[in-house]
Amino acid sequence: MMPTRTNYKKKLPLPKPPAKPASQLVIRHRKMVVALYDYDATEAGDMSLRKHDELEVLNDEQEHWWRMRNIQTGLEGFAPSNYVREQGSMCLQQYEWYLGDATRQRAEVLLMKQEREGGFVVRNSTTNSGIYTLSVFSKHLPRSRPQVKHYHIKKDQEGNYYLAHHIKCPTIPELIYRHQHNPAGLCARLRPPLQGRQAPTTAGLGHDKWEIDPSALNLMEELGSGQFGVVRRGKLRSLDVAVKMMKEGTMSEDEFIEEAKVMRQLRHQNLVQLYGVCSKRRPIYIVTEYLCHGSLLNYLRDNEKTLMNNTAVLDMCLQVCAGMEYLEKQKFIHRDLAARNCLVGANAEIKVGDFGLARYVVDDEYTSSGGAKFPIKWAAPEVLNFMRFSSKSDVWAFGVLMWEVYTCGKMPYGRMKNPEVVEMVQSGRVLEQPRYCPDYVYCVMRQCWTPQAEARPSFSEILRTFADE
């Protein structure tokens, strides 16, 4: 019998899926940005920026480092995201006179320091989102000392901005330009800032840079010493840094190094920026941002005669509070907040340092505050009783820090020994009101020292308490 032939059907190509209606098409628009500052790349894969460069964002999945293409040169690489602004809608970040979320007190301190007639800044309103405030310095006001006046920038129904009804402009920069030529009811004709805005710090030294070669560090003078070891000023290429040289045996080093990789991603204008570590040999080095005036505690003690100004000292407290509010939102607990652990920069900017470091202390080595395993004089009742740390115990410590600021660096509880301090805190007694501290500020301190942790205000609530336009 002849074998039967199997019939195979010819395979036909699969039909094309139906085209999506135009309403369902997703069109990815190019994200275009402009550089606000110069940036010199030091690591492979990173890209240098020059102010006003136009760039296309290729990848913005990392919060702090974006991959971009320079439109003019065609070069590609990673650069810090806080060094660019998006093109298009009105963006004030490009202007030297824009201070963003700076408080009223911060604006006053900066303008009083410059003493420039008509010197001004524009900042976001601390009480109303989307509203702006103009702060202007004048020393020629009748029957008045030099002071800073604050004006709301208003907006009419047509969307025009104005300070005086007869001068209206479609944008705030145009409004500022007009008032540079005509005061029109302001205390002075506006004059631009004397110096450019300082570039912000970056989250690390490169998009994937964590480990730092100690041979690249040029170590200089000693800045101080403490529980963990010696701190020295250093140079890393052209960048000023602070190098904390950790004393061996004082901390759980491997655990800290893992956590520090997360800490490096914390970035705020009132936090000392962690750049990286030298961990390949012992002792390890922790490399951070350098601030020229050193610790807040020493700065307070060295400048007591000139600091008894409510605006200046309240500004210090609010800067610390802003940094702590950021940590609070990131679910990060400081555990050792005090004036000694904050640093002061060139324009009296205050930055919180050493956040989270106390967590990795080896118990039998941590003898801060006269022999205790933790700083007793800054400790909340729940820390003293149960070693229970939280953002609320940080709030208690912030109240003590405010007391330090308003006494220009006096020791809390004076010469009282630790057992006496513990007894005082547990009995509900608190630090007395500093001599030059206003009642409303001391009231906030007292709220920070509420015995029940849950009843204390958050750092956000404290900032809102002081929001005064």
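Just the heavy atoms: all of them, side chains too, but no hydrogens, waters or symmetry mates, feed the values below. The first residue of the sequence shown is numbered 1, and numbering continues consecutively from there. Only a predicted model underlies this, so the values are computations on that prediction, with no experimental measurement involved.
- The number of heavy-atom neighbours closer than 6.0 Å to CD of Gln426, taken from other residues, nucleotides and ligands shown, is above 12.
- A salt bridge is defined here as a Lys NZ or Arg NE, NH1 or NH2 lying under 4.0 Å from an Asp or Glu carboxylate O, and Arg69 with Glu56 meets this definition.
- For the pair Glu86 (side chain) and Val34 (backbone), a donor-acceptor distance under 3.5 Å is absent.
- Of the possible donor and acceptor atoms, none in the side chain of Gln105 sits under 3.5 Å from a partner among the backbone N and O of Val109.
- His150 and Ser135 form a side-chain donor-acceptor contact under 3.5 Å, judged by distance and modelled atom types alone.
- Met68 and Pro80 make their closest contact through CE-O, 4.4 Å (heavy atoms, listed as atom of the first residue, atom of the second, distance).
- Between the NE2 atom of His207 and the CZ atom of Phe78 there is a distance of 4.5 Å, given to the nearest 0.5 Å.
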Show your reasoning for whether side chain to side chain contact (heavy atoms under 4.5 Å, CB included) applies to Asn124 and Tyr98. CA-CA 9 Å; Asn124 301 336; Tyr98 178 61; 2.7 Å; yes

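- Crowding of Arg282 atom CZ: a count of heavy atoms from other residues, nucleotides or ligands under 6.0 Å exceeding 12.
- Contact check for His152 versus Ile131: side-chain heavy atoms found under the 4.5 Å cut-off.
- No donor-acceptor pair closer than 3.5 Å links the side chain of Gln94 to the backbone N or O of Leu92.
- Side-chain N or O atoms of Arg67 include none that pairs as donor or acceptor with a backbone N or O of Leu58 at under 3.5 Å.
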TODO: Could you please spell out the steps behind the salt bridge (Lys or Arg N to Asp or Glu O under 4.0 Å) verdict for Arg123 and Asp101?
DONE: CA-CA 6 Å; Arg123 55 195 173 82; Asp101 290 331; over 6 Å; no

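- Here the CD-CD distance, from Glu54 to Gln87, works out to 5.0 Å after rounding to the nearest 0.5 Å.
- Judged by distance alone, the side chains of His334 and Asp394 never bring a donor and an acceptor atom under 3.5 Å apart.
- Within a 6.0 Å sphere centred on CD of Glu61, heavy atoms belonging to other residues, nucleotides or ligands number 12 at most.
- A donor atom on one side chain and an acceptor atom on the other are not found under 3.5 Å apart for Thr202 and Gln273.
- For the pair Trp403/Cys437, no side-chain contact is recorded, criterion being any heavy-atom separation below 4.5 Å from C-beta on.
- Within 6.0 Å of the NZ atom in Lys209, the count of heavy atoms belonging to other residues, nucleotides or ligands exceeds 12.
- In this structure a side-chain-to-backbone donor-acceptor pair under 3.5 Å is missing from Gln114 to Leu111.
- Applying the ring pair (Phe, Tyr, Trp, His ring centres under 6.0 Å) test to every pair with at least one member in residues 264-312, sequence neighbours left out, gives these pairs: His268-Tyr326, His293-Tyr299.
- Taking both residues in full, the closest heavy atoms of Gly409 and Leu300 are given as N-CB, 3.9 Å, listed atom of the first, atom of the second, then distance.
- For Glu108 and Thr311, the side-chain atoms include at least one donor-acceptor pair closer than 3.5 Å.
- Within the model, atoms OG1 of Thr288 and CG of Leu271 stand 12.0 Å from one another, a figure rounded to the nearest 0.5 Å.
- Formation of a donor-acceptor pair under 3.5 Å by the Arg456 side chain with backbone atoms of Pro451 is found in this model.
- No side-chain heavy atom of Ile333 sits under 4.5 Å from any side-chain heavy atom of Leu327.
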message = Walk me through whether Asp354 and Lys244 qualify under salt bridge (Lys or Arg N to Asp or Glu O under 4.0 Å).
response = CA-CA 10 Å; Asp354 283 354; Lys244 196 182 292 285; 3.4 Å; yes

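- Counting heavy atoms from C-beta on, the side chains of Tyr442 and Met402 never come closer than 4.5 Å.
- Taking the six-membered ring wherever Trp is involved, the centroid distance between the rings of Phe459 and Phe398 falls below 6.0 Å.
- Within the 3.5 Å criterion, the main-chain N or O of Arg50 finds a donor-acceptor partner in the side chain of Asp53.
- Annotation: side chain of Val441 is in contact with side chain of Pro438 (closest heavy-atom distance under 4.5 Å).
- Under the 30°/60° scheme for interplanar angles, the aromatic rings of Tyr39 and Tyr83 are found to stand perpendicular.
- In this structure, Lys31 forms a cation-pi arrangement with Trp66, its terminal cationic atom sitting closer than 6.0 Å to the ring centre and no more than 45° off the ring axis.
- Scanning both residues, Val272 and Gly353, for their nearest heavy atoms gives CG2-CA, 3.8 Å.
- Looking only at distances, no side-chain donor or acceptor of Asp240 sits under 3.5 Å from a matching main-chain atom of Arg233.
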Residue pair Lys51, Asp38: steps toward the salt bridge (Lys or Arg N to Asp or Glu O under 4.0 Å) verdict:
CA-CA 5 Å; Lys51 190 174 180 179; Asp38 291 347; over 6 Å; no

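- Between the side chain of Asn70 and the backbone N or O of Gln72, at least one donor-acceptor pair lies under 3.5 Å.
- A heavy-atom distance below 4.5 Å is found between the side chains of Glu211 and Val277.
- Atom CE of Met316 is separated from atom CG of Asn270 by 12.5 Å, given to the nearest 0.5 angstrom.
- Once rounded to the nearest 0.5 Å, the distance linking OG of Ser393 with CD of Glu382 reads 5.5 Å.
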Derivation and outcome, side chain to side chain contact (heavy atoms under 4.5 Å, CB included), residues Ile176 and Leu134: CA-CA 9 Å; Ile176 294 299; Leu134 172 73; 4.1 Å; yes

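- Using a 4.5 Å heavy-atom threshold, the side chains of Arg267 and Asn82 count as touching.
- Annotation: cation-pi pair Arg335/Trp378 absent, no NZ/CZ under 6.0 Å from the ring centroid and within 45° of its normal.
- Nearest heavy-atom pair across Leu55 and Ala35 is CD1-N, 4.1 Å.
- With contacts defined as side-chain heavy-atom distances shorter than 4.5 Å, the pair Ile462/Met324 does not qualify.
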**Study point:** Worked check of side chain to side chain contact (heavy atoms under 4.5 Å, CB included) between Glu349 and Gln319
**Key:** CA-CA 7 Å; Glu349 67 268 25; Gln319 289 190 70; 3.7 Å; yes

Step by step, work out the side chain to side chain contact (heavy atoms under 4.5 Å, CB included) result for Ile350 and Leu343.
CA-CA 6 Å; Ile350 312 297; Leu343 298 174; over 6 Å; no

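- In this structure, Asn341 contributes its side chain and Leu337 its backbone to no donor-acceptor pair below 3.5 Å.
- Between Met112 atom CE and Lys139 atom NZ the span is 10.5 Å, to the nearest 0.5 Å.
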Could you walk me through whether Lys410 and Glu304 pass salt bridge (Lys or Arg N to Asp or Glu O under 4.0 Å), step by step? CA-CA 10 Å; Lys410 298 292 188 295; Glu304 180 173 0; 3.5 Å; yes

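- Contact record, Glu117 with Arg191: O-CD, 2.8 Å, taken as the closest heavy-atom pair.
- Looking at every heavy atom in both residues, Leu296 comes nearest to Val344 through CA-CG2, 3.7 Å.
- Under the 3.5 Å distance criterion, with hydrogens and angles disregarded, no donor-acceptor pair is assigned to the side chains of Ser391 and Glu328.
- No side-chain N or O of Glu63 forms a donor-acceptor pair with one of Ser81 less than 3.5 Å apart.
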